[in-house]
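Only one structure is covered here, and it is reproduced in the block below.
Letters A, B, ... mirror the listed sequences (proteins, then strands); counts begin at 1.
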There are 2 protein chains.
Amino acid sequence: MVYSNILKNLHKHISLTQEEEEYFLSLLKYQEVSKKDVVLHQGEVCKHLYFVNSGLLRAFFTGQETKEATIMFAMEDWWITDMHCFLQQSAAMVSIQAVEASTLLKLSKHDLDSLYSTVPAFERFFRILMQNAYVREQVRVLENLSLPAEVRYTNFMKKYPQIVQQVTQKQIASYLGITPEFLSAIRATKRL
Amino acid sequence: MVYSNILKNLHKHISLTQEEEEYFLSLLKYQEVSKKDVVLHQGEVCKHLYFVNSGLLRAFFTGQETKEATIMFAMEDWWITDMHCFLQQSAAMVSIQAVEASTLLKLSKHDLDSLYSTVPAFERFFRILMQNAYVREQVRVLENLSLPAEVRYTNFMKKYPQIVQQVTQKQIASYLGITPEFLSAIRATKRL
DNA sequence: ATGTTTTCTTAAGATAGCTTAAGATAATTG
DNA sequence: CAATTATCTTAAGCTATCTTAAGAAAACAT
């Protein structure tokens with residue numbers, strides 16, 4: 001059933017009573033998206049936190065001159081949103097798009113808040129989620145500041161081998177902060 | 001008294017009973033550090049989460065060839081640690097050093113865990129703390145990927161005007177991911 | 001299937017940011 | 001306060017990464 005993945009995800013960190021579980025599930029909305037569908041457009045208010053039930057999403061920023069920067073990938077079993085703008089219910093800094101056909105479960109800010117007050121275990125659950133997200137970003141900042149592009153690419157492949165198979169090199173390049181041409185050159189040297 | 005800052009910090013997000021508050025305070029250790037003292041050495045196990053009661057700390061990574069990357073600054077009223085290594089109780093990826101004479105309140109992983117189980121409100125408190133930290137890092141990644149050094153410097157000055165006064169340009173440069181020479185050049189153009 | 005669009009590769013020329021080095025300021029130490 | 005050490009600035013030459021462009025390969029659409 002549609003909820004088995006998200007329940008398994010919850011149970012990694014917290015356990016719930018039958019009622020609590022049902023209340024949580026009642027707040028979720030289910031959404032199917034096709035490849036390339038945009039679930040959040042940069043500039044529009046970010047209303048939901050998304051759980052990726054299946055498929056793969058990508059958050060990216062588009063600046064002047066259409067240079068895209070990929071902020072994050074979210075594969076099956078990950079959570080994704082523009083966290084800043086979701087929390088403030090303000091205009092999104094990034095767009096979120098389906099890399100491939102995906103199924104999502106989404107939660108509004110309002111419903112998340114009532115979840116916190118009704119079922120305190122969710123404070124713990126999201127504390128751990130935020131903690132992991134913070135650690136990931138902190139390590140990413142460290143790598144971006146201290147490692148050359150080639151090593152960052154190697155690390156990325158080690159960390160997310162599945163993602164490498166599913167996304168274009170253009171997208172990987174924009175995640176690493178380099179151009180697709182330069183990524184191509186890096187790959188060419190590794191092939192020798 | 002030594003605890004007024006940290007209590008004010010807590011009360012921004014949660015309220016506690018007298019007993020809970022006392023229990024929390026009983027877990028804290030107080031530490032005074034002089035300018036340049038290192039409270040956490042890269043490679044050594046990261047045992048504490050630090051609250052900056054007064055002063056200013058800096059977390060930095062030292063790679064090969066002594067290039068330093070500043071991962072974060074933590075001024076008065078901020079929390080800082082090598083979060084990944086604190087949570088895993090593993091070897092720190094970064095060092096944490098006092099930029100100026102500072103007073104700290106620190107909490108061990110063990111005590112934080114017992115705090116979570118004894119006083120659930122702390123799940124909420126740290127959920128919010130982690131959330132804010134995650135958002136800050138995500139925005140930083142976005143800026144690093146999409147903005148030129150000059151704009152990043154301007155943004156940094158706007159966001160942390162106090163820090164700019166207290167740290168060297170070398171440290172700001174290593175936070176922005178550029179050399180001190182290049183930062184100096186950027187500043188020169190703004191002076192015209 | 002065939003044509004159309006996007007992606008990937010390659011390569012040449014351009015540039016942001018790096019390295020080195022040396023002098024000028026400022027901060028620290030004895 | 002003189003001496004030492006660290007920081008900041010300036011400038012020249014250098015390198016990693018970018019830009020542009022054009023062909024090859026793959027993906028997508030009709």
If only side-chain N and O atoms count, and only distance matters, is there a donor-acceptor pair under 3.5 Å linking B:Thr103 with B:Ser54? yes
For A:Ser184, which contact category applies under a 4.0 Å heavy-atom criterion: base, sugar-phosphate, or nothing? base
side-chain hydrogen bond (donor to acceptor under 3.5 Å, both in side chains) assessment of A:Tyr23 paired with A:Thr17: CA-CA 10 Å; A:Tyr23 176 60; A:Thr17 66; over 6 Å; no
Can a side chain N or O of B:Gln169 be found less than 4.0 Å away from OP1 or OP2 on D:dT9? yes
Name the pairs: protein N/O against N/O of nucleotides 15-17 of chain D, kept only if under 3.5 Å.
none

Would A:Leu147 and A:Leu142 count as a side chain to side chain contact (heavy atoms under 4.5 Å, CB included) here? Give the steps. CA-CA 8 Å; A:Leu147 301 177; A:Leu142 192 158; 6.0 Å; no
Exactly one of A:Phe61, A:Phe73, A:Phe60 should register a ring-ring contact (aromatic ring centres under 6.0 Å, His included) with A:Tyr175. Which one does? A:Phe73
Inter-end axis angle, the helix from C:dA1-D:dT30 to C:dG30-D:dC1, with every axis fitted to five base pairs (rounded, 10 degrees): 60°
Verify the neighbour count for atom NE2 of B:His110: are there more than 12 heavy atoms of other residues, nucleotides or ligands below 6.0 Å? no
Output field: ring centroids A:Phe126/A:Trp79 closer than 6.0 Å: yes
Testing the basics here: between B:Leu10 and B:Phe122, what is the closest heavy-atom pair and its distance to 0.1 Å? CD2-CE2, 3.6 Å
Testing the 3.5 Å rule here: is there a donor-acceptor pair between the side chains of A:Lys106 and A:Gln31? yes
In B/S/- notation, 5' to 3', how is nucleotides 20-30 of chain C contacted by protein heavy atoms closer than 4.0 Å? BB------S--
Specify the separation, in whole Å, of atom CG of A:Leu145 and atom C1' of C:dC18. 15 Å
